[in-house]
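For this chain, numbers begin at 1 and follow the sequence in order.
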Amino acid sequence: MMGRTHALTGALAGLLVGRAIGLSPDSGQEPGVAATLTACAALGPFAAVTAGYALVPDLDHRTSTATRLLGPVTRLLSRGLRGTSRWLYERTKGPADEPGGEHRHLTHTLVFAAALGGLCAATTAAWGPWAVLGWLTFGLLLAVDRLGLPALVAYGAGAAAWLPATLSGSGLPDGQAVLAALDASSGWLGLAVALGCAVHCLGDALTESGCPLLWPFLPIRGETWYEVRPPSWLRFRTGKRFERLVVFPLVALGCLAAIPGLVPQVIELVTPPAQLAAGGGLR
């Protein structure tokens, strides 16, 4: 998959999972624009971070977005991950596994997704709000690099709603209130990181090359790093017309549909007033 498709599928997963874990509870507001904006403010940061970390597995590629993001810092990280992946692959590959072991190997497994999410949870628990800020910032930079303004708006809406409530409701001095609120974000941050990486693996599993996302639990026909993929008629080639003209637009529509209250608002906007009056409005 292309980077922007990975990021958008991460955003969709973030919206759906964020609602499932209660990040967007019922605000008690009447259905409408205000309620939708409130829901977006609650879900936006989680979805934006998930979108960003849906690009991280491609740190094992020399020229990927994640590798180029912070110049020498991320290039060095990419080199370390590629070397680790190659070293591990050489020691665990089966007789039918192909040569190589860098791109689409270690970082494209659910083991890696869980490990990175666990590392995030451990570091934020140990080092508190400053570690949270680092993980959040890296995820946001990745998301904005691929999705641009929509990711920035999603994160900004969340920050705009979060900051006043934090400063007015904590009873702490402003600086301490912000740090305490950042620390509280660590409860969902590790999940967002792991979810983004896992969604990346699932997306690549739909392409012609497949993805060894179930390593080391699925050795098949002599392949320890067996590439999971659907039947040939369901696969697509990365960056080709099907992904650009079908997959990406469908995921974008899915993101819009996953925003609480947005679809009824759009329907109400485009429905003639006479039909709304006859039907008593849309709720």
Side-chain angles (χ1 to χ4, degrees), residues 1-11 13 48-93 97-117 119-120 135 137-148 151 192-216 223-229 235-244 247-248 251:
M1 273 189 176
M2 297 183 298
R4 66 171 188 164
T5 310
H6 278 306
L8 202 62
T9 55
V49 170
T50 306
Y53 282 94
L55 295 163
V56 163
D58 275 345
L59 273 169
D60 67 356
H61 192 286
R62 296 171 185 268
T63 60
S64 69
T65 295
T67 299
R68 293 182 283 107
L69 181 67
L70 298 178
V73 175
T74 44
R75 284 199 298 270
L76 183 62
L77 183 58
S78 172
R79 179 180 296 181
L81 282 172
R82 284 186 279 114
T84 301
S85 180
R86 188 169 57 247
W87 180 88
L88 184 63
Y89 182 76
E90 288 297 326
R91 283 154 181 80
T92 60
K93 67 179 181 179
D97 281 314
E98 70 278 1
E102 287 191 3
H103 184 46
R104 286 199 182 183
H105 284 85
L106 176 60
T107 61
H108 286 67
T109 65
L110 297 183
V111 168
F112 176 81
L116 193 64
L119 179 63
C120 174
W135 286 92
T137 301
F138 187 61
L140 178 60
L141 288 173
L142 283 166
V144 171
D145 187 74
R146 288 295 88 188
L147 297 180
V193 169
L195 179 63
C197 294
V199 169
H200 181 112
C201 296
L202 292 172
D204 276 351
L206 297 176
T207 65
E208 290 188 349
S209 299
C211 182
L213 76 165
L214 295 179
W215 174 88
E223 290 187 58
T224 305
W225 297 77
Y226 180 79
E227 290 91 357
V228 176
R229 56 174 71 92
R235 304 174 203 162
F236 58 88
R237 295 185 64 187
T238 298
K240 300 302 180 182
R241 293 182 64 185
F242 184 78
E243 180 178 353
R244 290 185 286 106
V247 176
F248 186 83
V251 177

Can Val193 and Thr50 be said to form a side chain to side chain contact (heavy atoms under 4.5 Å, CB included), step by step? CA-CA 6 Å; Val193 169; Thr50 306; over 6 Å; no
Quick one, Leu119 with Trp135, criterion side chain to side chain contact (heavy atoms under 4.5 Å, CB included). Give me CA distance, side-chain angles, the key distance, then yes/no. CA-CA 11 Å; Leu119 179 63; Trp135 286 92; 4.2 Å; yes
Test log, rule side chain to side chain contact (heavy atoms under 4.5 Å, CB included), inputs Phe248 and Leu8: CA-CA 8 Å; Phe248 186 83; Leu8 202 62; 3.6 Å; yes
Verify side chain to side chain contact (heavy atoms under 4.5 Å, CB included) between Phe138 and Leu69, making sure each step is shown before the conclusion. CA-CA 9 Å; Phe138 187 61; Leu69 181 67; 3.5 Å; yes
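Atom CZ in Arg4 sits 8.0 Å away from atom CZ in Arg244 (nearest 0.5 Å). Taking CG of Asp204 as the reference point, atom CE of Met1 lies at 7.5 Å (rounded to 0.5 Å). Put simply, CG on Leu81 and CZ on Arg79 are 12.5 Å apart, with the number rounded to the nearest 0.5 Å.
For Arg62, the CZ atom sits in a loose shell: 12 or fewer heavy atoms of surrounding residues, nucleotides or ligands are nearer than 6.0 Å. The environment of CZ in Arg237 is sparse: at most 12 heavy-atom neighbours from other residues, nucleotides or ligands sit within 6.0 Å.
Residues Lys93 and Glu223 have side chains not in contact (no heavy-atom distance under 4.5 Å, counting atoms from C-beta outward). Under the 4.5 Å side-chain criterion, counting only non-hydrogen atoms from C-beta, Leu55 is not in contact with His200. You'll find the side chain of Thr63 reaches within 4.5 Å of the side chain of His61, heavy atoms only. A heavy-atom distance below 4.5 Å is not found between the side chains of Tyr89 and Thr224. Using a 4.5 Å heavy-atom threshold, the side chains of Asp97 and Thr92 count as separate. With a 4.5 Å cut-off on side-chain heavy atoms, Asp58 and Thr65 do not count as touching. The shortest distance between side-chain heavy atoms of Cys197 and Phe112 falls below 4.5 Å. A heavy-atom distance below 4.5 Å is not found between the side chains of Leu110 and Trp215.
In this structure, a donor-acceptor pair under 3.5 Å is absent between the side chains of Trp225 and Thr109. The closest side-chain donor-acceptor pair between Thr5 and Glu243 falls under 3.5 angstrom. Looking only at atom types and distance, the side chain of Arg104 has no donor-acceptor partner in the side chain of Ser85 under 3.5 Å away. For Asp60 and Thr107, the side-chain atoms include at least one donor-acceptor pair closer than 3.5 Å. Arg82 and Ser78 form a side-chain donor-acceptor contact under 3.5 Å, judged by distance and modelled atom types alone.
Closest approach of Leu213 to Cys201, counting heavy atoms only: CB-CB, 3.9 Å. The shortest non-hydrogen separation linking Leu59 to Thr67 is O-OG1, 3.5 Å. Nearest heavy atoms, Val247 versus Phe236: CG2-CE2, 4.2 Å. Minimum interatomic distance between Ala51 and Ala7 (heavy atoms only, all atoms of both residues): CB-O, 3.2 Å. Here the closest non-hydrogen pair linking Ala54 and Gly10 is CB-CA, 4.0 Å.
Proximity of a side-chain donor or acceptor of Arg229 to a complementary backbone N or O of Ser209 within less than 3.5 Å is detected. Under the 3.5 Å distance criterion, the side-chain polar atoms of Arg146 are left unmatched by any main-chain donor or acceptor of Leu142.
Residues satisfying the salt bridge (charged side-chain N to carboxylate O under 4.0 Å, His left out) test with Arg235, not counting sequence neighbours, are none.
The aromatic rings of His108 and His103 lie perpendicular to each other, with more than 60° between the two planes, well past the 30° mark.
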